[in-house]
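Working notes, beginning with the structure itself.
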Number of protein chains: 2
Amino acid sequence: MKPKATAGAAATEDDAPRPLDHGALDEVLGYQLSLADVPSKRLYFKHIGTPFRLRPVEYSLLVLVLSNGNDVTQKQLGQALSLPAPNLTILLDKLAERGLIARERSDVDRRVQHVRLTASGTRLAREAHACVPAMEREWSGLLSAQEKALLARLLRKMAGRS
Amino acid sequence: MKPKATAGAAATEDDAPRPLDHGALDEVLGYQLSLADVPSKRLYFKHIGTPFRLRPVEYSLLVLVLSNGNDVTQKQLGQALSLPAPNLTILLDKLAERGLIARERSDVDRRVQHVRLTASGTRLAREAHACVPAMEREWSGLLSAQEKALLARLLRKMAGRS
DNA sequence: TATTGTTATACTCTATAACTATA
DNA sequence: TATAGTTATAGAGTATAACAATA
């Protein structure tokens, strides 16, 4: 049946017509970034997102608070993840409803909200983060450990930190 | 005034409180990918998105059609960019309204829609793509040409093509 | 007067289900 | 019965403006 497959289309997986030539886009860094995001998200949801009911940004928030010793303000979180303040407010509201984080007004500056993990938030963040090695290992079919480390380093430079 | 800045916060740019430690997330590839996406999108909109009124996905569609000799079906485009069919339909409707692309039913299989660039679509795609070198050059403050090429190659492997 | 955070709201993006027409 | 594409629609993500409290 299959359409006919002009070239020697090797049935990539499911069905699949002839795959396109990405040609002119192959050197556009942002394009490669977008394409790489697809399998990355897929692995994330498999290992962390679905089991722990955490969206990528929620996971990032929890681990950022954890990594900074529960001494973090909303302003800092917003800047670290490039989140507009209103979105962050909603995100933190949801995490607070689930009992994962709590907010405390600063004593030295009453405008500032400190964010800290609750006991169960700390537990969840640790458990979720413990799944990272298994997730990262799944790249091994495509990238060696050295390539992965190199890639992480280059992406860090790209984002201007390093 | 400034909150106080525990460490030697070097006033990154505008204001900026003490930047957070990304600590535990530094080895999570998907996290680095998300962070790198921010400056990447910023440069894209500066050089291509805003001047040509093209969203990233629209630009990708036009250049993909161009790179494949106007011989492309919607199915192929959807798979190349991981776009659900209904979204692709809407995207192509908009590009067709702007007179950039046209659809033609296949003669051998009347279900299939071929997508081709109109004359003005071809022109726009070429003009937009001609801005890529200037855009890519802006990474030079952060990455060398070698690092960029290496990064592109690693991202391609990550996406399973290469 | 400027800043942190909140509220309200609108806009876009993405995903799913149901449908048409072809095969 | 299966596939390419469309329509309709709902849900999630993102951005902006106006406001409250504090500095």
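Below, chains carry the letters A, B, ... as their sequence lines are ordered, and counting in each starts from 1.
Comparing A:Val57 and A:Arg111 along DNA chain D, the residue whose closest nucleotide (by nearest heavy atom) sits nearer the 5' end is A:Val57.
For the side-chain contact (heavy atoms from CB on, under 4.5 Å) with A:Gln74, the lone residue among A:Gln113, A:His114, A:Gln79 that qualifies is A:Gln113. The side-chain contact (heavy atoms from CB on, under 4.5 Å) with B:Arg153 is formed by just one residue from the set B:Leu155, B:Leu150, B:Leu151; it is B:Leu150.
Look at CD on A:Gln113: it is 12 Å from C1' on D:dT22, rounded to the nearest Å. Regarding A:Asp37, its CG atom lies at a distance of 16 Å from the P atom of C:dC13, rounded to whole Å. A:Gln76 has its CD atom 14 Å from the C1' atom of C:dG5, to the nearest Å. Rounding to whole angstrom units, CG of residue A:Leu77 and P of C:dT6 are separated by 12 Å. When the P atom of C:dC13 is taken as reference, atom CG of B:Leu54 falls 13 Å away, rounded to whole Å. Atom NZ in A:Lys75 sits roughly 14 Å away from atom C1' in D:dA23 (whole-Å rounding). To the nearest angstrom, P of D:dG11 lies 16 Å from CZ of A:Arg55. If you measure from atom NE2 of A:His114 to atom P of D:dT22, you get 15 Å, rounded to the nearest angstrom.
Heavy-atom minimum distance, A:Tyr44 versus A:Arg55: OH-O, 3.3 Å.
A:Arg161 CZ: more than 12 foreign heavy atoms inside a 6.0 Å radius.
Between B:Gln74 and D:dT6, a side-chain N or O to OP1/OP2 separation shorter than 4.0 Å is present.
Contact check of residues 43-51 of chain A against DNA chain D (heavy atom, cut-off under 4.0 Å) returns no residues at all. Taken residue by residue, residues 81-107 of chain B places heavy atoms nearer than 4.0 Å to DNA chain C at B:Pro84, B:Pro86, B:Asn87.
The pair B:Glu138-B:Lys46 counts as a salt bridge, with a side-chain nitrogen and a carboxylate oxygen less than 4.0 angstrom apart.
Side-chain atoms of A:Glu27 and B:Val132, non-hydrogen and from C-beta on, never get closer than 4.5 Å to each other.
Distance check: A:Thr122 OG1 to A:Ile101 CD1 gives 11.5 Å after rounding to the nearest 0.5 Å. Once rounded to the nearest 0.5 Å, the distance linking CG of A:Leu54 with CG of A:Leu124 reads 5.0 Å.
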Could you please spell out the steps behind the side-chain contact (heavy atoms from CB on, under 4.5 Å) verdict for A:Leu35 and A:His22? CA-CA 11 Å; A:Leu35 293 193; A:His22 296 252; 3.8 Å; yes
